[in-house]
Amino acid sequence: MSLAVGVVSNCKSMGFDDKDNAGADVPEAQHVGKTVHENESGDERGTTLSRHMSEGSVGVTEDEDEDVERKIDLGPQCTLKEQLEKDKDDESLRRWKEQLLGSVDMNSVGESLEPEVKILSLAIKAAGREDIVLPIPESGNPNGLWFTLKEGSRYSLMFTFQVSHNIVSGLKYTNTVWKTGIKVDSTKEMIGTFSPQAEPYTHEMPEETTPSGLFARGTYSARSKFVDDDNKLYLEINYTFDIRKDWL
């Protein structure tokens, strides 16, 4: 959760050149141009004309390309269920989809284009202790103090979540921690991409150590978010926790 990693440091430190006679050369240039074109064959005229048109249209083409990039049309979207049912009689294509999508529970696949991710619980794991399981309130914001950590203890955070309807791409966890109104830590963790299934997924964060000392102890406020590659927000939790001399 990176609940207080940043607290340690905070506790320690708190063309062409234009010429004057260009105008006089214009009639001569026009005359020469006319004489040259009169002596050129039809193919040569076509080549010359094509070259001039290409040069003159470069700027327009670049502008048009920029417009195209801004208006990329990915074509019609379809649900995961529709994708799985397409070409189901083609054995090689079916195997390719299975390799690409992995094990998909058809009972968890809906008609929606949007995936649904439900965060079921968060658990704090510490050696020699039972896991502290934190159910997610319906409102998303726990009332009062949510949990307490012992100073100087090693712990890790584990998420349990469920994915349904469609594949969720690039699910991420972000966490920001404040103490007395000052931001002391900010964390971002990529959880991954998951296909819908009835069985919940779990993801365990790397182990961390809570800070210790007089200035590290106290009450903290935090905000955790779960978002995907499209910045779709699945859960936001605002809560408070304590770091004390011992576990409660």
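Numbers here simply count residues along the sequence, with the first being 1.
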side-chain contact (heavy atoms from CB on, under 4.5 Å) evaluation trace for Tyr239 with Leu145:
CA-CA 7 Å; Tyr239 58 96; Leu145 192 70; over 6 Å; no
Would you give the length of the straight line joining atom CG of Asp131 to atom CD1 of Ile124, rounded to the nearest 0.5 angstrom?
9.5 Å
Do the non-hydrogen side-chain atoms of Tyr173 and Leu157 ever get within less than 4.5 Å of each other?
yes
One pair to check against side-chain contact (heavy atoms from CB on, under 4.5 Å): Tyr220 and Asp185. What are the steps and the verdict?
CA-CA 11 Å; Tyr220 296 78; Asp185 188 48; over 6 Å; no
Are Arg217 and Asp242 within salt-bridge range, i.e. N to O under 4.0 Å?
no
ILVMFWY cluster, Tyr234 and Leu134 together (side-chain gap under 4.5 Å)
yes
Mind checking whether Ile167 and Pro196 have side chains closer than 4.5 Å, heavy atoms only?
yes
Would a 4.5 Å heavy-atom cut-off, applied to side chains only, mark Trp146 and Thr240 as touching?
no
Tell me, do Phe241 and Pro142 make a side-chain contact under 4.5 Å, heavy atoms counted?
no
Distance-only polar pair, side chains of Asn175 and Thr187, donor-acceptor under 3.5 Å
no
One should read off an interatomic distance between Ser153 OG and Arg244 CZ, to the nearest 0.5 angstrom, of 13.5 Å
Run the numbers on Ile132 and Lys125 for side-chain contact (heavy atoms from CB on, under 4.5 Å), then give the verdict.
CA-CA 7 Å; Ile132 303 174; Lys125 302 169 68 69; over 6 Å; no
Check whether the side chains of Ser156 and Glu204 place a donor and an acceptor atom closer than 3.5 Å, and report yes or no.
yes
So does Gly152 get a backbone contact from the side chain of Thr210, meaning a donor-acceptor N/O pair under 3.5 Å?
yes
Which heavy atom in Pro115 sits nearest to a heavy atom in His165, and how many Å separate them?
CA-CB, 4.5 Å
Using modelled atom types and a 3.5 Å cut-off, is there a donor and acceptor pairing between side-chain atoms of Ser121 and backbone atoms of Val133?
no
Spacing of Phe194 atom CZ and Ser164 atom OG [to the nearest 0.5 Å]:
14.0 Å
Ile237 and Met158: same hydrophobic cluster, using ILVMFWY side-chain contacts below 4.5 Å?
no
Can you tell me if Gln162 uses its side chain to pair, donor with acceptor, with the backbone of Ile119 under 3.5 Å?
no
Between Val168 and Thr193, is there a side-chain heavy-atom distance shorter than 4.5 Å?
no
So do Ile136 and Leu120 actually touch side chain to side chain, heavy atoms under 4.5 Å?
no
Quick one: does Lys150's side chain get under 4.5 Å of Lys245's, heavy atoms only?
no
Determine, using the 4.5 Å side-chain heavy-atom cutoff (strictly less than), whether Val227 and Val177 are members of one ILVMFWY cluster.
no
Would a single hydrophobic cluster contain both Met205 and Met190, if residues Ile, Leu, Val, Met, Phe, Trp and Tyr are joined by side-chain heavy-atom contacts under 4.5 Å?
no
May I ask you to check whether Ser169 and Asp228 show a side-chain donor-acceptor distance below 3.5 Å?
no
NZ/Lys232: more than 12 non-hydrogen atoms of other groups inside 6.0 Å:
yes
Worked check of side-chain contact (heavy atoms from CB on, under 4.5 Å) between Ser224 and Phe159:
CA-CA 12 Å; Ser224 297; Phe159 313 120; over 6 Å; no
Taking the side chain as every heavy atom from C-beta outward, state whether Asp229 and Lys172 have any pair of such atoms under 4.5 Å apart.
yes
Straight-line distance of Phe215 CZ to Ile243 CD1, nearest 0.5 Å
14.5 Å
Aromatic ring proximity Phe226/Phe161, centre distance under 6.0 Å
no
Salt bridge or not between Glu236 and Arg223? Use side-chain N to carboxylate O under 4.0 Å.
yes
Output yes when a side-chain donor or acceptor of Lys225 lies under 3.5 Å from a complementary backbone atom of Thr176, and no otherwise.
no
